[in-house]
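Structure record follows, encoded as structure tokens.
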2 protein chains.
Amino acid sequence: MTGSTSASGADTGVRETDAAAGDAGVREAAVATIQRELTAFARRARAAAARMHPELSLVSFTLLAHLEDSGGCRATDLATYYLLDKSTVSRQVAALERAGHVERRSDPADHRIQLLHLTAQGEQVLAQAADRRSQAFHARLSDWDPAELSRFAAYLTRYNDEAADPA
Amino acid sequence: MTGSTSASGADTGVRETDAAAGDAGVREAAVATIQRELTAFARRARAAAARMHPELSLVSFTLLAHLEDSGGCRATDLATYYLLDKSTVSRQVAALERAGHVERRSDPADHRIQLLHLTAQGEQVLAQAADRRSQAFHARLSDWDPAELSRFAAYLTRYNDEAADPA
DNA sequence: GAAAAGTAGTTGTAGAGTACATCTATCAAG
DNA sequence: CTTGATAGATGTACTCTACAACTACTTTTC
């Protein structure tokens with residue numbers, strides 16, 4: 001609904017004639033749409049996750065997923081990556097440990113550091129939630145063709161990487 | 001960092017030779033990347049908003065923006081759109097009203113309904129926050145060309161519209 | 001090599017956002 | 001007029017979060 005106005009302006013077939021005049025407007029409209037749609041997605045993500053996998057909140061899921069992706073990292077890394085305060089991460093990690101999903105390993109070279117790892121149980125719970133998420137995403141994207149999916153994926157990756165860099 | 005592995009697989013230049021064999025894999029990888037990147041964005045959005053415009057949380061911002069976009073709507077509409085409980089919206093709206101950002105208008109035809117509208121002050125605060133957001137988005141997207149932006153915007157719109165439909 | 005500065009993480013405290021259950025008020029059928 | 005649906009508010013309780021202050025350890029500096 002909300003998106004239709006700007007979306008039509010952000011159509012794939014961009015008028016290439018007199019590009020100089022149109023570019024600024026096209027850019028403006030497209031950025032506005034990107035902003036609006038990304039924000040709407042973000043706003044829904046928490047609730048959507050709660051419905052998809054009630055046993056693992058969006059927060060817990062992302063932290064566990066990051067641990068799996070990274071093959072173990074420190075609490076500080078999580079805080080940096082997700083723009084969270086370290087106290088928040090500390091509590092989240094404590095809860096995940098209490099639940100038996102993660103394990104701490106001390107670094108003998110630096111006693112301040114605790115490397116966080118998934119436990120077998122954590123891996124299993126994560127896999128289950130990831131599966132539900134994956135199904136939901138595949139369902140939503142079922143009528144996209146592979147080339148579109150690849151481009152969309154590349155755009156998102158590029159966007160996030162650029163957001164991480166200059167901040 | 002985390003994204004680099006899958007991102008390379010989701011490159012724009014898709015191998016078109018022996019497409020039948022590659023399609024499933026390409027699709028799988030692309031969907032996984034889309035899921036991961038969208039989720040990462042969602043996880044950062046709240047904190048990013050708090051830094052960009054501390055005077056207006058991500059929640060408040062999205063609700064006000066929706067009111068502006070829609071030109072006034074009911075609390076229930078907000079709840080539906082953002083997958084929120086009506087009690088949550090009720091409290092959020094009450095806070096926004098207390099802050100002088102929104103106004104309620106009773107519908108003479110149906111006394112249960114309250115149409116929510118931005119006040120002049122609400123419009124102003126929203127505009128200010130939107131401006132900061134817009135700047136940040138433009139900065140992150142500054143080296144994208146208009147065609148890419150348009151495609152990205154169209155993809156996001158399509159994704160969100162499809163998410164809204166079948167759920 | 002001791003003092004100063006920096007880093008990793010925890011804990012106290014407090015506030016925002018949220019859901020679920022329950023309530024009121026209103027409307028719509030039958 | 002009763003029954004059922006809808007819009008919204010309130011009671012309650014929990015999670016997520018930040019900021020400030022703390023401990024413990026490491027690195028730098030003079």
Side-chain angles (χ1 to χ4, degrees), chain A residues 39 42-64 67 72-99 101-117, chain B residues 39 42-64 67 72-99 101-117:
Chain A
T39 305
R43 253 341 243 95
R44 294 196 195 108
R46 177 184 298 239
R51 296 176 187 205
M52 253 184 295
H53 41 77
E55 77 286 359
L56 212 58
S57 75
L58 180 64
V59 178
S60 304
F61 174 81
T62 51
L63 296 187
L64 293 186
L67 285 184
C73 70
R74 301 170 306 165
T76 297
D77 301 330
L78 297 174
T80 303
Y81 190 74
Y82 291 113
L83 299 178
L84 292 169
D85 193 80
K86 54 189 179 151
S87 68
T88 301
V89 175
S90 174
R91 284 179 231 270
Q92 290 295 334
V93 168
L96 289 173
E97 188 188 26
R98 226 176 298 125
H101 295 155
V102 309
E103 224 175 37
R104 308 164 118 104
R105 272 180 223 169
S106 299
D107 179 348
D110 187 338
H111 286 217
R112 293 171 302 181
I113 291 175
Q114 305 177 342
L115 274 215
L116 304 172
H117 285 270
Chain B
T39 305
R43 251 344 241 92
R44 294 195 196 108
R46 177 184 299 240
R51 296 177 187 204
M52 253 184 293
H53 41 77
E55 77 285 359
L56 210 59
S57 75
L58 180 65
V59 178
S60 304
F61 174 81
T62 52
L63 297 187
L64 293 186
L67 285 184
C73 69
R74 302 169 304 163
T76 298
D77 301 331
L78 296 173
T80 303
Y81 191 75
Y82 291 114
L83 299 178
L84 291 169
D85 192 80
K86 53 188 180 151
S87 67
T88 301
V89 174
S90 174
R91 282 179 232 272
Q92 290 296 334
V93 168
L96 289 173
E97 189 188 25
R98 227 177 297 125
H101 294 156
V102 309
E103 225 176 36
R104 309 162 118 105
R105 271 181 224 168
S106 299
D107 180 347
D110 187 338
H111 287 217
R112 294 171 302 181
I113 291 175
Q114 303 177 341
L115 274 216
L116 304 173
H117 285 269

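So that the names make sense, note that chain A is the first sequence line, chain B the second, and so on, each numbered from 1.
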Ignoring hydrogens and angles, are the base of D/dT17 and the side chain of B/R51 linked by a donor-acceptor pair under 3.5 Å?
-> no
Using the 3.5 Å cut-off, write out each protein N or O paired with an N or O of nucleotides 1-5 of chain C and the distance between them.
none

Assess whether one donor atom and one acceptor atom, taken from the side chain of B/R46 and the base of D/dT15, lie less than 3.5 Å apart.
-> no
No-H, no-angle donor-acceptor pair, A/S57 side chain to D/dC16 base, under 3.5 Å = no
OP1 or OP2 of C/dT10 less than 4.0 angstrom from a side-chain nitrogen or oxygen of A/R104, does that happen here?
-> yes
Counting side-chain heavy atoms from C-beta on, which of D/dA9, C/dG17, D/dA18 comes nearest to B/V59?
-> C/dG17
Base, sugar-phosphate, or nothing: which does A/L83 touch, judged by heavy atoms less than 4.0 Å apart?
-> sugar-phosphate
Do the side-chain N or O atoms of B/T88 get closer than 4.0 angstrom to the phosphate oxygens (OP1, OP2) of C/dT18?
-> no
Is there a donor and acceptor pair, one atom on the side chain of A/R91 and one on the base of C/dG12, closer than 3.5 Å?
-> yes
Quick one: label B/D110 by what it contacts on the DNA or RNA (base, sugar-phosphate, nothing), any heavy atom closer than 4.0 Å.
-> sugar-phosphate
Please tell me which of B/L116 and A/H111 maps to the more 5' nucleotide of DNA chain D, matching each residue to the nucleotide holding its nearest heavy atom.
-> B/L116
Whole Å only: how far is the NZ atom of B/K86 from the C1' atom of D/dT10?
-> 11 Å
State which of C/dT10, D/dC16, D/dA18 makes the closest approach to the side chain of A/L84.
-> D/dA18
Touch class at under 4.0 angstrom, heavy-atom based, for A/T76 against every strand present | sugar-phosphate
Please list each protein N or O that sits under 3.5 Å from an N or O in nucleotides 4-6 of chain D, with the distance.
| residue | atom | partner | partner atom | Å |
| --- | --- | --- | --- | --- |
| D/dT6 | O4' | B/R112 | NH1 | 3.4 |
| D/dT6 | O2 | B/R112 | NH1 | 3.2 |

